[in-house]
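For this chain, numbers begin at 1 and follow the sequence in order. Atoms within each ligand, like the ligands themselves, are counted from 1 in listed order.
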Amino acid sequence: MLSYNEAAAVVRHEAELVLAGARNVERVSLLDAAGRVLAEAVVADRDQPPFDRSTRDGFACRAAELRAGALRVAGQLRAGEAWAGGAMGRGEAVEIMTGAAVPPGADCVVMVEHVAVADGWVSLAGARQLTSGENIVPAGAEARGGDLVVPTGRRMGVTEIAAAAACGAAVLPVFARPKVAILSTGDELVEVAEKPLAHQIRNSNSYSLAAQVAAGGGEPVVFAVVRDDRDATEKAIRQALDSDLVLLTGGVSMGKFDFVEQALMALGAEFFFTGARIQPGKPVVFGKLPGRYFLGLPGNPISTMVTFALFAAPLLRALGGESECGSRFKMARLQEEVRLKPGLTRFLPARVESEVRGASVRRIAWQGSGDLAAAAQANCFLVAPETAEQLEAGEIVTVLEI
Ligand code: AMP
Ligand code: MG
């Protein structure tokens, strides 16, 4: 059975193959582009800034002249206004607003807070210093026309959206969202709106997976619950074969009524791994049906969400063309020591709190991988390496974002 690292490497390899392949492109307006993956780089259509930009309200002038004495205020420049006065003369200053184009001849902008103004003359207040270049971003200092601003394969977040807007990209080519089939298996499962009998369980995995798929840029397609029957499982998988990725939950363990692997085999599946040395999620299976990948995720709800984050999410992001497709890990300081049994890489429900000084993390007590009440208190999973017997309080540890 593969270690976590080995299993992750298998997924990474497949994700790289996927990224190297072709995928469909659609065009969306910039307002609809958040969360989509860019299919063509955004390039600066002109220099940024396009003119020498004042970053302060104040007076455009020559620093050496203002240091030497008062200057005559020759005019006023608002943001969005073109200066018509030609090069600024000797002994002159121009009142200027933040975001306006600095008039030719000026080499700095002195902040309005740093000057005294009287009778159309401006002078440096008190012991204020002023240097050439101050409070001006020169034309082209941020980007030159033709420079790459947002690369292909980048998921459009807040910063990328703003940069694309500045480049005039009103419509963006983005990769089509991968279609992800979600099949939950289990005779004990009833739908959320139904009233379960005492021995029945509500289907939560289809919903948590749909949320994870959407967050990973995919389009979830949720199928009806599949009964624990070999033929029914095979038939259900067949119906899901027009999707880019097939996710199954439950039925991958050693139970007498776990038919997922058999059904996949009957459909000609190739298995890349069956099981990984992780907890929760050890029975996870990964492979390829003709033309598309599948993952069989263990049915315990926390196992399902952890194995999705570890193995399905990277593949999904790659299918969506996102170049940074790996699982989302971050570092945090452990609040209290954790004792462990070595042998498996463990993913323990935990809550990370982020502050400017860094993130700290504490475990959430749980009753095992079916404990959704505990999961709802968690916002990440603390990663305990396979060989660790203890993680110390204060230690910097890895957490998996969910
Ligand atoms: P299995 O992997 O099929 O052996 O299921 C393991 C455990 O997860 C059992 O306790 C199931 O009742 C539970 N389980 C399986 N599928 C789901 C689901 N879709 N929603 C909630 N719990 C589930
Ligand atoms: Mg089951």
Side-chain angles (χ1 to χ4, degrees), residues 1 7 180-216 218 220-237 239-240 243 245-266 269 271 273-287 294-313 344 346-349 366-378 381 402:
M1 191 181 285
V180 182
I182 297 173
L183 297 155
S184 286
T185 73
D187 282 341
E188 73 281 30
L189 301 179
V190 300
E191 272 317 328
V192 175
E194 289 172 35
K195 192 167 166 52
L197 299 172
H199 53 276
Q200 293 178 318
I201 293 291
R202 290 195 179 96
N203 169 20
S204 61
N205 288 344
S206 293
Y207 297 88
S208 60
L209 283 177
Q212 284 180 294
V213 166
V221 182
V222 177
F223 285 77
V225 166
V226 184
R227 296 299 149 206
D228 288 322
D229 172 88
R230 218 214 71 154
D231 291 343
T233 309
E234 195 181 317
K235 198 171 151 211
I237 298 172
Q239 286 170 350
S243 53
L245 173 64
V246 177
L247 299 179
L248 294 125
T249 83
V252 288
S253 305
M254 300 302 286
K256 274 209 170 123
F257 302 99
D258 290 336
F259 293 114
V260 165
E261 276 183 68
Q262 288 176 37
L264 286 165
M265 231 152 359
F271 288 82
F273 58 76
T274 54
R277 296 200 305 270
I278 58 171
Q279 202 273 322
K282 193 160 144 208
V284 60
V285 302
F286 173 45
F294 68 83
L295 279 136
L297 310 177
N300 256 314
I302 297 183
S303 312
T304 307
M305 59 182 81
V306 166
T307 47
F308 179 95
L310 293 177
F311 306 120
L344 299 170
R346 289 174 204 273
F347 301 87
L348 307 168
W366 67 330
Q367 302 297 321
S369 52
D371 188 348
L372 283 178
Q377 304 297 312
F381 289 86
I402 209 73

Give me the nearest non-hydrogen protein atom to atom 20 (N) of ligand 1 as residue plus atom name, then the distance to 0.1 Å.
S204 N, 3.0 Å

Between D229 (side chain) and D231 (backbone), is there a donor-acceptor pair under 3.5 Å?
yes

Minimum heavy-atom separation for A181 to F223, with atom names?
CB-CE1, 3.7 Å

I need the minimum non-hydrogen distance between N203 and E191, along with the two atoms involved.
ND2-OE2, 3.3 Å

Close-contact set for ligand 1 against P301 heavy atoms, below 4.0 Å:
21 (C), 22 (N)

Contact summary for E261 and T274, nearest pair of heavy atoms
OE1-CG2, 3.8 Å

At what distance is the nearest protein heavy atom to atom 13 (C) of ligand 1, and which residue and atom is it?
G299 O, 3.8 Å

With a 4.0 Å cut-off on heavy atoms, does G370 reach ligand 1?
no

Minimum heavy-atom distance between M1 and K282, given as atom pair plus value:
SD-CG, 3.8 Å

Is a donor on one side and an acceptor on the other found under 3.5 Å between the side chain of T307 and the backbone of S303?
yes

Do other residues, nucleotides or ligands put more than 12 heavy atoms under 6.0 Å from the CZ atom of F271?
yes

Counting non-hydrogen protein atoms only, what is the nearest one to atom 12 (O) of ligand 1? Give residue, atom name and distance.
E188 OE2, 2.5 Å

Sub-4.0 Å heavy-atom approach of G186 to ligand 1:
no

Show which atoms of ligand 1 fall inside a sub-4.0 Å distance from at least one heavy-atom site of N203.
18 (C), 19 (N), 20 (N)

Could you pull out the closest heavy-atom pair between Q262 and D258, with the gap in Å?
NE2-O, 4.4 Å

How far is atom 18 (C) of ligand 1 from its nearest protein heavy atom, and which residue and atom is that?
N205 ND2, 3.1 Å

Might you work through the ring-ring contact (aromatic ring centres under 6.0 Å, His included) test for F286 and F273, ending with a clear yes or no?
CA-CA 5 Å; F286 173 45; F273 58 76; 5.6 Å; yes

Using distance alone, decide if ligand 1 has a nitrogen or oxygen within less than 3.5 Å of any nitrogen or oxygen in L189.
no

Do T304 and T249 have a side chain donor and acceptor closer than 3.5 Å?
no

Return the residue, atom name and 0.1 Å-rounded distance of the protein heavy atom closest to atom 3 (O) of ligand 1.
G251 N, 2.9 Å

contact_flag G255 ligand 1 heavy-atom lt 4.0 Å
no

Per-atom filter on ligand 1: closer than 4.0 angstrom to a heavy atom of R202 are 20 (N), 21 (C)

Ligand 1 to S184, heavy atom cutoff 4.0 Å, flagged ligand atoms 19 (N)

What is the nearest protein non-hydrogen atom to atom 4 (O) of ligand 1, stated with its residue, atom name and distance?
S253 OG, 4.0 Å

Can you tell me which residue and heavy atom of the protein come closest to atom 10 (O) of ligand 1, and the distance to 0.1 Å?
N300 OD1, 4.2 Å

